[in-house]
Each structure stands twice: as C-alpha cells, then as structure tokens.
Amino acid sequence: MDALDRKIIAALRMNGRATYAELGRTVGLSASSVHERVGKLEAAGVITGYHATVNPSTVGLGVTALVGIQPTDTADDNDVAEELGKLPEVESCYAVAGDEAFVVKVRVPTVDELEHTLGRLRRIGGVARTRTTVVLSTRFEGRPNNTVLEDPPVTGA
C-alpha cells in the first residue's frame with residue numbers, strides 16, 4: 001500500500017459514495033487507475049465494505065448502552081463472542097483488557113427493551129456479570145480516523 005492508496009482510502013472514508021472520477025480528481029489519478037486500485041484494496045481485505053450511516057433514533061433505536069461483560073472463570077471467550085453476535089441489538093463487540101473480557105454497544109428502542117436485552121446477555125453461557133453504562137447523548141461517532149493513513153515515518157537503518 002503506497003501513499004496514493006492511503007489517499008484513496010482517506011477519501012472513501014470521508015465519502016464512500018464518491019465516484020472513481022471524483023476520487024481520481026482528489027488523488028490525481030484517472031478514474032480507471034482508481035478503479036483498479038480500489039479493486040486491489042478490496043481484494044486484499046483493506047476495504048471491507050460500504051454502508052449507509054443512519055441516525056439510530058430516526059429508525060426507532062433511541063437507547064444506546066455500553067455493556068461490560070465479565071466472563072466466568074471457565075468461559076471460552078470465542079463461545080461468548082459467538083453468542084453475543086447472535087443478538088441483533090448488539091451492534092459492536094470489543095475484546096478488552098481489564099476486569100471485563102468484552103464491551104458491547106447495544107441499541108434498543110426503549111429502556112424497557114434494554115432491561116430485556118440485559119437479561120438475555122446475562123443468560124449467555126459463560127457470562128458471570130455485566131456492567132451497563134447508558135449513553136445520554138452522542139457527541140460524535142463513527143468519524144473517519146485518517147491519522148494511520150498518512151505516510152509512515154521513515155526510520156533509520
């Protein structure tokens with residue numbers, strides 16, 4: 001991956017609907033060259049997909065919570081993660097260091113539904129306990145972090 005690939009990725013992270021011509025103008029390549037590079041980035045697993053960003057409250061998901069999950073001593077983390085992935089209200093799952101093995105982001109319509117979801121989480125085999133933080137407001141989320149897309153520093157040999 002070179003500097004042009006990094007610029008293409010940064011542009012796509014800002015606007016995933018940009019045409020190859022628009023990307024080409026941004027990075028100084030022809031549309032066909034951008035198309036070829038994007039295809040290679042997709043094939044290499046660098047670009048893993050495209051999606052629409054939706055305001056959760058406008059689609060009925062007004063309650064967001066972060067739930068820390070502490071496993072039992074005998075739990076298999078892979079099994080717990082697989083079961084967490086089966087719950088549609090679990091939007092993201094992070095393996096973390098600390099007392100908890102996972103932190104999951106849950107989105108549900110109401111606080112009552114959050115209570116039901118927490119019950120389902122606690123019934124997953126291998127979950128010892130949960131700790132929940134309810135999100136009051138979202139200041140920003142899902143913004144592209146392009147700092148890693150800058151050219152890496154050159155180190156001396």
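Keep in mind that this is a model prediction, so the values were computed, not measured.
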*Please examine the side chains of Leu12 and Tyr50, heavy atoms only from C-beta on, and report whether any two atoms are closer than 4.5 Å.*
yes
Quick test of your reading of the model: are Glu100 and Arg131 salt-bridged, counting only N-O distances below 4.0 Å? yes
Note: Thr58 and Val54 closest approach over all heavy atoms is OG1-CG1, 4.5 Å
Here the gap from Ile69 atom CD1 to Cys93 atom SG, rounded to the nearest 0.5 Å, amounts to 6.5 Å
Interatomic distance, CG@Asp77 vs CD@Glu82, rounded to 0.5 Å, equals 13.0 Å
The reported gap from CZ in Arg129 to CG in Leu121 (rounded to nearest 0.5 angstrom) is 15.0 Å
* Quick one: are Leu87 and Ile124 in side-chain contact, heavy atoms under 4.5 Å? -> yes
If you draw a 6.0 Å radius around CD in Glu42, do more than 12 non-hydrogen atoms from other residues or ligands fall strictly inside? yes
| task | State, with a plain yes or no, whether a side-chain heavy atom of Ile9 is found less than 4.5 Å away from one of Met1. | result | yes
| task | Decide, yes or no, whether a salt bridge links Glu113 with Arg120 under the criterion of side-chain N to carboxylate O below 4.0 Å. | result | yes
Quiz prompt | Residue pair Leu84 / Phe102, side-chain heavy-atom distance below 4.5 Å | solution = yes
Open item on the list: Is there a path of hydrophobic side-chain contacts, each under 4.5 Å between heavy atoms, that joins Val111 and Val134?
Closed with: yes
* Asked: Are Arg37 and Asp2 ion-paired here, with the side-chain N under 4.0 Å from a carboxylate O?
  -> yes
Closest non-hydrogen atoms of Glu89 and Val108, given as atom of the first, atom of the second and distance, are CB-CG1, 3.8 Å
Note: Pro109 and Val63 closest approach over all heavy atoms is O-CG2, 3.8 Å
Is any side-chain heavy atom of Thr138 less than 4.5 Å from a side-chain heavy atom of Glu141? yes
Residues Val67, Val103; criterion side-chain contact (heavy atoms from CB on, under 4.5 Å); working and verdict
CA-CA 5 Å; Val67 182; Val103 173; over 6 Å; no
**Asked** Got Pro71 and Val127 here, is their nearest side-chain heavy-atom distance under 4.5 Å?
**Response** no
Note, Val106 side chain near Thr64 side chain (heavy atom, < 4.5 Å)
no
Result for side chain to side chain contact (heavy atoms under 4.5 Å, CB included) between Val38 and one of Asp5, Val46, Ile47 points to Ile47
* Is Ile8 reachable from Met14 through a run of I, L, V, M, F, W or Y residues, each pair having side-chain heavy atoms under 4.5 Å apart? -> no
Subject >> Donor-acceptor contact below 3.5 Å, side chain Arg107 vs main chain Val90 >> reply: no
In short, Ala65 meets Leu114 closest at the heavy-atom pair CB-CD1, 3.9 Å
Note to self: Salt bridge or not between Glu83 and Arg122? Use side-chain N to carboxylate O under 4.0 Å.
What the structure shows: no
Residues Leu23 and Ala11: closest non-hydrogen pair is CD2-CB, 3.5 Å
Look at atom CG of Asn55 and say whether more than 12 heavy atoms of other residues, nucleotides or ligands are closer to it than 6.0 Å.
yes
Inset, instruction - Treat each ILVMFWY residue as a node, draw an edge where side-chain heavy atoms are under 4.5 Å apart, and state whether Leu29 and Tyr20 are in one component. - result: yes
Heavy-atom closest pair (Arg17 atom, Glu22 atom, distance to 0.1 Å) is O-OE1, 4.4 Å
Taking the side chain as every heavy atom from C-beta outward, state whether Glu36 and Val34 have any atom pair closer than 4.5 Å.
no
